[in-house]
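Below is one structure; the comments refer to it alone.
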Amino acid sequence: MAAIVTNWAGNLAFHASDVHRPASIEELRALVARSSSVRALGSGHSFSDVADTRGALVSLDALPRTVEITDTGVRVGGAVRYAELGPTLHEAGFALHNLASLPHISVAGSVATATHGSGDGNGNLATAVSAIELVTADGDLVTLRRGDPRFAGAVVGLGALGIVVGLTLDLVPTFEMRQHVFEGLPFDVLDDHFDEVFAGGYSVSLFTRWAGPVIDQVWVKRRDAERPEMFGARPADGPRHPIPGASAEPCTEQLGVPGPWYARLPHFRPEFTPSAGEELQSEFLLPRRHAVAALRALAEARDSFAPVVLISEIRTVAADGLWLSPAYGQDVVGFHFTWVKDAALVRAAVKTVEAALEPYAARPHWGKLFTVPARYERMHDFASLVRDFDPEGVFANDFLRRVM
Ligand SMILES: Cc1cc2nc3c(=O)[nH]c(=O)nc-3n(C[C@H](O)[C@H](O)[C@H](O)COP(=O)(O)OP(=O)(O)OC[C@H]3O[C@@H](n4cnc5c(N)ncnc54)[C@H](O)[C@@H]3O)c2cc1C
């Protein structure tokens with residue numbers, strides 16, 4: 001009997017009893033062409049059932065791990081992870097504009113769910129994509145480039161249009177960063193200084209357990225040598241993990257030590273288990289103009305969800321034009337929750353958070369746990385694009401049927 005295939009968190013056993021690992025694009029095309037139901041699995045770090053299928057689950061891990069720097073950016077194969085991409089780009093003198101909290105994730109899977117880092121001027125990771133190469137339902141190979149009217153719908157594609165075998169990403173010149181951690185930012189500071197706190201670095205993250213009127217930690221990643229003032233928060237006297245009290249060994253270097261972008265932008269090092277390991281996650285992103293009101297609404301409701309929180313992270317993401325990006329058309333703030341690994345307790349907590357954020361047009365992260373309908377003004381256009389690409393629903397799954 002085939003082993004049960006689960007996601008990284010272990011909260012989801014995929015319906016597929018096995019994973020296909022084609023060794024060439026031709027093999028993949030033939031597999032897709034003869035399948036009535038098929039879906040790509042990236043590195044399996046989503047908590048939602050976005051990657052699940054009752055048909056054939058396909059990993060691209062056995063395909064060549066292409067990383068090809070060209071005049072227009074870097075072209076990566078469908079299974080390449082950020083952890084292997086970062087050092088290669090740096091050695092060649094290049095960088096990506098941003099990374100998520102962990103480098104373990106695949107580029108294609110991250111782009112498909114609009115995965116993001118933080119930074120007022122930084123769009124999510126999908127905004128770096130300039131071309132996308134897909135194996136479509138009939139086994140054809142199709143390339144869409146920025147400028148094609150379908151492109152903005154296809155990039156954050158939830159795996160619905162086909163299997164992505166190549167992505168071209170924009171590059172910037174490589175850069176060094178320094179990371180500073182501050183502790184004990186009074187919550188009230190955010191009422192009047194939210195924008196200044198987030199302007200404190202290239203990428204800023206606030207961490208709170210919602211246990212009291214305090215932001216436990218502020219992580220500031222800067223491209224210069226200056227350490228900002230943080231409104232009364234104290235500079236940490238040693239390295240920290242976002243979860244107070246946890247060993248900082250898995251975390252990227254702090255205390256203002258300079259290092260390459262790929263070793264500072266993520267919070268976690270690739271050779272360690274990121275975050276808590278035993279956990280579930282949710283995240284809701286809403287228009288930045290509602291940030292302080294939403295913070296207040298969550299603080300008021302905190303007694304009903306804080307006991308289930310390991311840590312919560314607040315980040316900013318710049319507006320983009322990708323149809324299914326939570327930042328479509330507007331700068332957003334993301335409220336992320338790392339929960340204890342207890343599905344029933346977490347479901348109740350998620351509902352409380354969703355109710356508190358309901359007035360602020362919050363959109364859930366596609367790869368994390370949510371129960372509300374995802375409200376997207378371009379969802380109708382996306383559904384029509386999916387019908388054009390995949391009229392028979394070869395890439396459809398329960399998740400897509402729920403959200404579309
Ligand atoms: C510890 C931890 C920390 C995280 N931190 C962050 C964070 O900082 N910011 C953030 O935004 N998110 C974060 N996430 C969520 C994570 O980035 C997303 O769930 C992301 O989609 C994971 O990428 P993956 O390769 O594992 O994708 P999977 O979970 O494997 O797949 C996600 C989706 O992409 C599709 N897909 C994957 N590969 C392909 C392909 N080749 N072609 C077509 N479709 C494909 C799948 O079908 C599925 O629909 C975190 C998750 C974990 C576990």
Side-chain angles (χ1 to χ4, degrees), residues 5-12 14 16 19 22 25 28 32 38-53 57-61 63 76-83 98-118 122 124-126 132-136 154-167 203 205 219 242-243 250 265-268 272-285 310-311 313 315 317 324-327 332 334 336-338 364-369 395-400 403:
V5 186
T6 69
N7 63 346
W8 173 86
N11 65 308
L12 179 73
F14 294 116
V19 181
I25 302 280
L28 171 67
V32 173
V38 60
R39 213 155 161 85
L41 178 64
S43 54
H45 283 76
S46 295
F47 296 83
S48 67
D49 58 345
V50 62
D52 197 14
T53 176
L57 200 55
V58 182
S59 161
L60 305 187
D61 272 341
L63 291 183
V76 298
V80 170
R81 299 182 184 215
Y82 287 101
N98 209 2
L99 290 171
S101 70
L102 77 174
H104 309 58
I105 46 183
S106 83
V107 178
S110 302
V111 163
T113 63
T115 288
H116 62 92
S118 192
N122 297 326
N124 69 44
L125 305 189
I132 180 165
E133 298 157 50
L134 296 149
V135 172
T136 53
V155 178
V156 179
L158 307 178
L161 298 179
I163 301 202
V164 176
V165 291
L167 288 163
S203 164
S205 292
W219 287 38
I243 301 174
L265 282 169
H267 306 326
F268 302 106
F272 290 89
T273 298
S275 194
E278 284 291 300
E279 66 192 73
L280 298 173
Q281 294 188 7
S282 303
E283 187 169 21
F284 299 91
L285 300 103
L310 291 175
I311 197 66
E313 182 175 10
R315 290 176 280 188
V317 187
L324 291 199
S325 162
V332 293
H336 161 90
F337 300 83
T338 300
H365 188 307
W366 295 113
K368 303 184 185 180
L369 299 175
F395 300 109
N397 66 359
D398 293 348
F399 180 92
L400 287 173
V403 302

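Sequential numbering from 1 along the given sequence is applied to the chain's residues. Atoms within each ligand, like the ligands themselves, are counted from 1 in listed order.
- Listed for the Arg81 side chain is a donor-acceptor partner under 3.5 Å among the backbone atoms of His104.
- Aromatic ring pairs are classed by plane angle as parallel below 30°, tilted from 30° to 60° and perpendicular above 60°; the pair His116 and His365 is tilted.
- Considering only residues two or more places apart in sequence or on other chains, Ser46 meets the side-chain contact (heavy atoms from CB on, under 4.5 Å) condition with Ser48, Val50, Thr113.
- Evaluation of the salt bridge (charged side-chain N to carboxylate O under 4.0 Å, His left out) test over residues 43-53, restricted to residues two or more places apart or in two chains, returns Asp49-Arg402.
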Which protein N or O atoms sit under 3.5 Å from any N or O of ligand 1? Give atom names and distances.
unit_1	atom_1	unit_2	atom_2	d
ligand 1	5 (N)	Ser101	OG	2.9
ligand 1	8 (O)	Ser101	N	2.8
ligand 1	8 (O)	Ser101	OG	3.1
ligand 1	8 (O)	Arg315	NH1	2.8
ligand 1	9 (N)	His116	O	2.8
ligand 1	11 (O)	His116	N	2.8
ligand 1	11 (O)	His365	NE2	2.8
ligand 1	12 (N)	His365	NE2	3.1
ligand 1	17 (O)	Thr115	OG1	3.0
ligand 1	19 (O)	Ser46	OG	2.8
ligand 1	21 (O)	Ser46	OG	3.4
ligand 1	21 (O)	Gly109	O	3.0
ligand 1	21 (O)	Thr113	OG1	2.8
ligand 1	25 (O)	Ser43	N	2.9
ligand 1	25 (O)	Ser43	OG	3.0
ligand 1	25 (O)	Ser106	N	3.3
ligand 1	25 (O)	Ser106	OG	2.6
ligand 1	26 (O)	Ser43	N	3.3
ligand 1	26 (O)	Ser43	OG	2.7
ligand 1	26 (O)	Gly44	N	3.0
ligand 1	26 (O)	His45	N	2.7
ligand 1	29 (O)	His45	N	3.4
ligand 1	29 (O)	Ser46	N	3.0
ligand 1	29 (O)	Ser46	OG	2.7
ligand 1	30 (O)	Gly42	N	2.7
ligand 1	30 (O)	Ser43	N	3.4
ligand 1	30 (O)	Gly44	N	2.9
ligand 1	41 (N)	Val164	O	3.0
ligand 1	42 (N)	Val164	N	2.7
ligand 1	47 (O)	Ala40	O	2.6
ligand 1	49 (O)	Arg39	NH2	3.2
ligand 1	49 (O)	Val50	O	3.2
ligand 1	49 (O)	Leu158	O	3.3

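- Under the rule for a side-chain contact (heavy atoms from CB on, under 4.5 Å), the partners of Asn7 that lie at least two apart in sequence or sit in another chain are Ala9, Asn11, Leu12, Phe14.
- Residues Glu283 and Gln281 bring no donor and acceptor atom of their side chains to less than 3.5 Å of each other.
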